[in-house]
Amino acid sequence: MEVQDFEQIFQQKIDNEIKIEPKDWMPDAYRKTNIRQISQHAHSEVVGMLPEGNWISRAPSLKRKAILLAKVQDEAGHGLYLYSAAETLGISRDEMIEQLLTGKAKYSSIFNYPTLTWADMGAIGWLVDGAAILNQVMLCRTSYGPYARAMVRICKEESFHQRQGFEVLLVLSKGTNEQKAMCQDAINRWWWPSLMMFGPKDSESTNSDLSMKWKIKRKSNDELRQNFIDMIAEQVKILGMTLPDPNLKWNEERKHYDFGEINWDEFWNVVKGNGPCNKQRLEARKKAHENGNWVREAALMYAEKRKNRTATKVA
Amino acid sequence: MKNYINKYFYGDYGEIEGGSSSSNTTEHQWPLWEIFIRSKQGLDHKHVGSLHAADAPMAIENARDVYTRRMEGISIWVVESKYITASNPDEAGELYEPAKNKIYRHPTFYQLPEEVNHM
């Protein structure tokens, strides 16, 4: 069989909604795109723990602290599901970590913004996790089996994240004037970066066409972004707060909300590493990795020692 | 100097490096384990994913933290991935051929008079 035949069989499978599994033949670009997307997704979960970690010791009550700890632990778990899904494509864990730490691999730019107040924990849960969920629900049906299965597990756990975030804001929105102001301020700061999470406009997106053909993605950036805006524009009313966009308006004809222009210069700037916290986040990851080195080595030595001990006992 | 030649695609990586792995780091990597979980008494253990651990006891503890945070399991099996031998999907045709041409193994192969009712 020629490569073209393999490609044809591969595309037929995709068209017939048959999942691609690790040992199946796949085009190199499909493998590469999946490795890039899954590892980037895993890095986002891992780096995403940092802005929230900042508030674990500062949470306003023991209840909130326990909830935040559980959420951060979920994120570590999500990172691990995704790393192992990427590994089925032939990249090693160490290679991925190295790509993250050297800046070759990206993670979601949203985590390069600072978390200034407690209300940010609410805004992150509601807006950032809300945006992520729309993407993740779509990815539950992605064509690569291990990725889809990891996403199903993640989606099951993610909805608690968004609900607790909304609840944090709901409590603040019914609080003192200062608490209300804090709530509104967090929404103002996280709204636009959340919209940027869906990536460049469809007309500017480099990876979209093939990803759609291969059913890695099933909805375009703009489509997902519009879904998100329509959802949040309604939910913000329950909080009695507003979104910081004077052009946000229901369009009866389109049956969608119209919205203002995103600051794309800011978007590209943060992607290129010049966001408010890019440096800090990467340094925190590097430090954690280096400080964990002796633990990883000691565990290997201990496993080796234990194995030898059992071997001599048997002999 | 290297920063000047970096390409910045949105979320892109490793285009320049070509994805070659640095072999010295892989030596220190904890081995990979496949995790199987029995979700409740009476059901089979089912493959749920994989993780890295230095040895089997650690693999079980990690599996508890990674795959059973919400009581998804009551029993865990861990197997080091290198001990799993998998069939090759490219040979599926030959491998399953003996089953394909024995349709008489299925109950629907037999046409019985309607009076027999449920059999």
Side-chain angles (χ1 to χ4, degrees), chain A residues 21-25 32 35-37 39-40 70 73-74 76-77 80-81 83-85 87-88 90-100 103-109 146 149-150 153 156-157 199-200 204-207 267-268 271-273 293 296-304 306-307, chain B residues 2-3 6-35 37 46-59 61-70 72 80-81 84-93:
Chain A
E21 296 294 345
K23 297 189 89 185
D24 294 346
W25 187 92
K32 222 170 148 186
I35 288 178
R36 188 189 62 229
Q37 189 174 323
S39 65
Q40 181 183 303
Q73 198 189 10
D74 273 353
L80 292 175
Y81 303 154
Y83 279 130
S84 52
E87 277 172 276
T88 63
I91 186 169
S92 75
R93 180 79 54 99
D94 282 357
E95 226 175 320
M96 285 187 273
I97 303 289
E98 194 197 307
Q99 287 173 349
L100 171 67
K104 276 180 226 160
K106 299 286 177 210
Y107 53 86
S108 181
S109 278
R149 291 192 285 275
R153 192 167 288 123
K156 272 189 205 156
E157 301 180 346
E204 323 242 321
S205 179
T206 44
N207 301 325
F267 171 79
W268 287 110
V271 169
K272 284 175 188 162
N293 203 28
R296 290 189 295 277
E297 273 174 15
L300 268 184
M301 296 298 285
Y302 180 65
E304 190 67 20
R306 197 146 53 170
K307 202 162 74 187
Chain B
K2 213 173 155 226
N3 275 334
N6 268 357
K7 285 196 284 184
Y8 288 116
F9 292 130
Y10 171 70
D12 221 337
Y13 82 90
E15 292 280 342
I16 305 159
E17 292 72 17
S20 66
S21 63
S22 38
S23 52
N24 59 333
T25 47
T26 342
E27 271 172 36
H28 295 291
Q29 189 160 284
W30 289 349
L32 190 67
W33 299 76
E34 298 303 320
I35 312 301
I37 288 182
K46 193 177 159 214
H47 183 244
V48 293
S50 49
L51 50 78
H52 288 273
D55 59 10
M58 190 197 224
E61 280 174 14
N62 287 0
R64 177 202 56 196
D65 291 343
V66 176
Y67 293 107
T68 65
R69 284 193 304 281
R70 289 174 177 77
E72 290 95 337
E80 211 179 321
S81 309
I84 292 192
T85 310
S87 61
N88 184 349
D90 296 339
E91 290 161 8

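Chain letters run A, B, ... following the sequence lines, proteins first, then strands; residues in each count from 1.
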Chain B contact via E87(A) - which portion, at a heavy-atom distance below 4.5 Å: side chain

Main-chain N/O of Y81(A) paired with Y67(B) side-chain donor or acceptor, under 3.5 Å: no

With sequence neighbours excluded, residues passing salt bridge (Lys or Arg N to Asp or Glu O under 4.0 Å) with E157(A): R69(B), R70(B)

Interchain contact, S81(B) with chain A, by part (heavy-atom threshold 4.5 Å): neither

Winner by heavy-atom pair count (cut-off under 4.5 Å) against chain B, out of M301(A), K307(A), Q73(A): Q73(A)

Contact class of N293(A) relative to chain B, heavy atoms under 4.5 angstrom: neither

Portion of R149(A) that has a non-hydrogen atom of chain B nearer than 4.5 angstrom: neither

Top contributor to chain A interface from L51(B), V48(B), D90(B), N88(B) [non-hydrogen pairs under 4.5 Å]: V48(B)

Reported CE-to-CZ distance for the pair M58(B) and R306(A), which is rounded to 0.5 angstrom: 9.5 Å

Closest heavy-atom pair and its distance - A54(B), L300(A): CB-N, 4.1 Å

A92(B) versus chain A, the contacting section by heavy-atom distance below 4.5 Å: neither

Neighbour count >12 (heavy atoms, 6.0 Å) for atom NZ, K23(A): yes

All ring pair (Phe, Tyr, Trp, His ring centres under 6.0 Å) counterparts of Y83(A), not counting sequence neighbours: H43(A)

